[in-house]
Amino acid sequence: MATSTPSNSPKRGEYDTIKRSRFFRAFDSKANTAGVASVCKTLDFTLPPSTARRWLKERDSLGSPALRRTRKLATRLGRKSKVSEADLRKITTNQEDPLHEAAYSDQAKTLEDKPSARTLQYHATRAGARRFKKRYTSEISPRNKSIRVEYGKEHEKANLVSFWSGIWFTDEVHLYSVKLQNEAEFELRFPGQGASLKETRASGLDVIIHCAAGISYNYKGPLIFYKDPKEPSEKTCKPRKPRKTMYQTTQQYEEEIERWKKAQPEAEVIPKGWNAMSQEFYAKEVLPKHIEVIKMLEKRHKRRYTLQEDGDPSHGNRSYKNAPSRLKRDSDLQILIHPAQSPDLNPIE
């Protein structure tokens, strides 16, 4: 006798959006005495009461998306993350470890799952950590602190529209090739964690680039390179002092000495080894460009603008008898007295 395979009962298909909408319309228009089971019997398709009650709970929690066919909600979708909280703590907690100053690509290589640099940056940002600018000082003098407090009290009620939008913030930056090549400028850490110092090796390339700039809340000025640095390959040696030969007369030798003196390069305006320039150079090369931008902004916005400078000696803010002060008075500039070492108070920083 031949055996026959028993027929399988047809599987109930997943309910689509149309059937869900029919049930919700029927349930909303039912009488107050009718229950969920009685509403399911009035439909033109089979719907278990347990499924109907689950739909009602989803509508209460999800709202209108419950009308559509939904998958089971999960607390966590996707594969396991390659960067855990322990990995972030390993990189950011120990501030004495140079690893937190390294680039994202170098930090990612030290982790177990070997994530990409972009993945590490994404998870660090989500956790609240980011690359902060390293502090160049760890102390503040009592005098500077008191000046900062008074500055804050004086401008506590000044708002952006009437006051701060009319400030032209200026600053100078000095870029050293040795520091750029061998020292980490940024570090990965959480807000509130301190910075550390790191021993670096010396470099053969020693180039200094000096740049000045200005910015306001509605305009960003151009960069001002007020000293063109020379690469080591472009540096020229000073001509040697000529010696008197046996064939030269005294007059010919003195004339050659005068030509040699005129051929000597001019003394550098910016001394090597420290961040400063002369007041005459600042009044001749840098300050006129700031004044030009301020006058342009005043003409454009029909209001007065105020010049902000830090405590650099070349700005001439400590006396009135110098080239920068005279130029500011002749240009009828308003000056904002600003405390020193205050990058948090200056947006150009």
Side-chain angles (χ1 to χ4, degrees), residues 1-94 99-100 103-105 107-132 157 159-161 165 186-193 217-218:
M1 181 178 179
T3 59
S4 61
T5 303
S7 59
N8 296 329
S9 57
K11 297 182 65 176
R12 175 179 57 82
E14 189 173 359
Y15 297 104
D16 54 14
T17 303
I18 298 177
K19 293 182 179 179
R20 284 174 177 254
S21 301
R22 289 179 185 175
F23 164 73
F24 287 126
R25 282 198 300 268
F27 181 82
D28 294 337
S29 61
K30 69 179 179 62
N32 294 333
T33 57
V36 177
S38 59
V39 173
C40 293
K41 293 179 181 179
T42 61
L43 301 175
D44 56 353
F45 61 91
T46 304
L47 178 63
S50 59
T51 303
R53 294 186 181 94
R54 178 170 59 84
W55 287 357
L56 292 173
K57 290 182 180 179
E58 290 178 355
R59 188 173 69 168
D60 293 339
S61 60
L62 301 178
S64 60
L67 297 175
R68 298 183 293 272
R69 185 176 61 185
T70 57
R71 61 179 295 181
K72 183 179 179 181
L73 299 179
T75 56
R76 181 72 178 176
L77 298 178
R79 59 187 178 184
K80 181 183 177 181
S81 175
K82 290 187 176 182
V83 181
S84 61
E85 296 181 2
D87 294 334
L88 293 177
R89 287 195 299 269
K90 172 186 174 182
I91 299 174
T92 59
T93 300
N94 187 8
L99 180 62
H100 81 288
Y104 283 116
S105 57
Q107 293 173 346
K109 294 178 182 178
T110 62
L111 301 182
E112 182 179 357
D113 293 334
K114 299 295 186 296
S116 63
R118 188 171 182 178
T119 301
L120 177 59
Q121 179 180 2
Y122 169 76
H123 287 277
T125 304
R126 286 192 60 183
R130 61 186 181 91
R131 299 184 71 83
F132 288 87
K157 297 182 180 179
N159 57 34
L160 175 62
V161 177
S165 60
F186 294 88
E187 58 185 358
L188 179 65
R189 57 183 174 86
F190 288 95
Q193 290 180 331
Y217 279 92
N218 49 27

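Numbers for residues simply follow the sequence, beginning at 1.
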TODO: Check whether any side-chain N or O of Ser116 sits under 3.5 Å from a backbone N or O of Thr119 as a donor-acceptor pair, and report yes or no.
DONE: yes

Open item on the list: Less than 4.5 Å apart, side chain to side chain, heavy atoms only: is that true for Leu88 and Val83?
Closed with: yes

Task: Closest non-hydrogen atom pair between Asp44 and Arg22, with its separation - done: OD2-NH1, 3.2 Å

TODO: Mind checking the OG-CZ spacing from Ser84 to Arg89? Nearest 0.5 Å is all I need.
DONE: 7.5 Å

Task: Test item: Thr110 and Asp87 side chains (from C-beta on) under 4.5 Å apart, heavy atoms - done: no

- [ ] State whether the side chain of Ser29 and the backbone N or O of Arg25 hold a donor-acceptor pair below 3.5 Å, judged by distance alone.
- [x] yes

Task: Spacing of NE2 belonging to His123 relative to OG1 belonging to Thr125, to within rounding of 0.5 Å - done: 10.0 Å

- [ ] Would you name the heavy atoms of Val36 and Ala52 that are closest together and state the gap between them?
- [x] CG1-CB, 3.6 Å

Open item on the list: Using the side chain to side chain contact (heavy atoms under 4.5 Å, CB included) criterion, which residues pair with Ala117? Sequence neighbours excluded.
Closed with: Tyr104, Ser105

Task: Side-chain (Thr51) to main-chain (Leu47) donor-acceptor, under 3.5 angstrom - done: no

- [ ] Determine whether Arg126 and Tyr122 make a side-chain contact, defined as any pair of heavy atoms from C-beta on separated by less than 4.5 Å.
- [x] yes

TODO: Mind telling me whether Phe24 and Trp55 have parallel, tilted or perpendicular rings, with 30° and 60° as the class edges?
DONE: tilted

Open item on the list: If the condition is salt bridge (charged side-chain N to carboxylate O under 4.0 Å, His left out), which residues does Asp60 pass it with, not counting sequence neighbours?
Closed with: none

TODO: Give a yes or no on whether the backbone of Leu160 and the side-chain of Ser165 come within a donor-acceptor separation of less than 3.5 Å.
DONE: yes

Open item on the list: Quick check on Lys114: does its NZ atom have over 12 non-hydrogen neighbours (other residues, nucleotides or ligands) under 6.0 Å away?
Closed with: yes

- [ ] With salt bridge (Lys or Arg N to Asp or Glu O under 4.0 Å) as the test, would you mind laying out the steps for Asp28 and Arg59 before giving the verdict?
- [x] CA-CA 12 Å; Asp28 294 337; Arg59 188 173 69 168; 3.2 Å; yes

Open item on the list: Testing the basics here: between Ser38 and Gly35, what is the closest heavy-atom pair and its distance to 0.1 Å?
Closed with: OG-O, 2.7 Å

Open item on the list: Quick check: do Pro49 and Arg53 have side-chain heavy atoms less than 4.5 Å from each other?
Closed with: yes

Task: Approximate separation, where rounding is to 0.5 Å, of Leu56 CG and Phe27 CZ - done: 4.5 Å

- [ ] Check the surroundings of atom CD1 in Ile18: do more than 12 heavy atoms from other residues, nucleotides or ligands lie under 6.0 Å from it?
- [x] no

TODO: Evaluate the side-chain proximity of Glu112 to Lys90: yes if any heavy-atom separation is below 4.5 Å, no if none is.
DONE: no

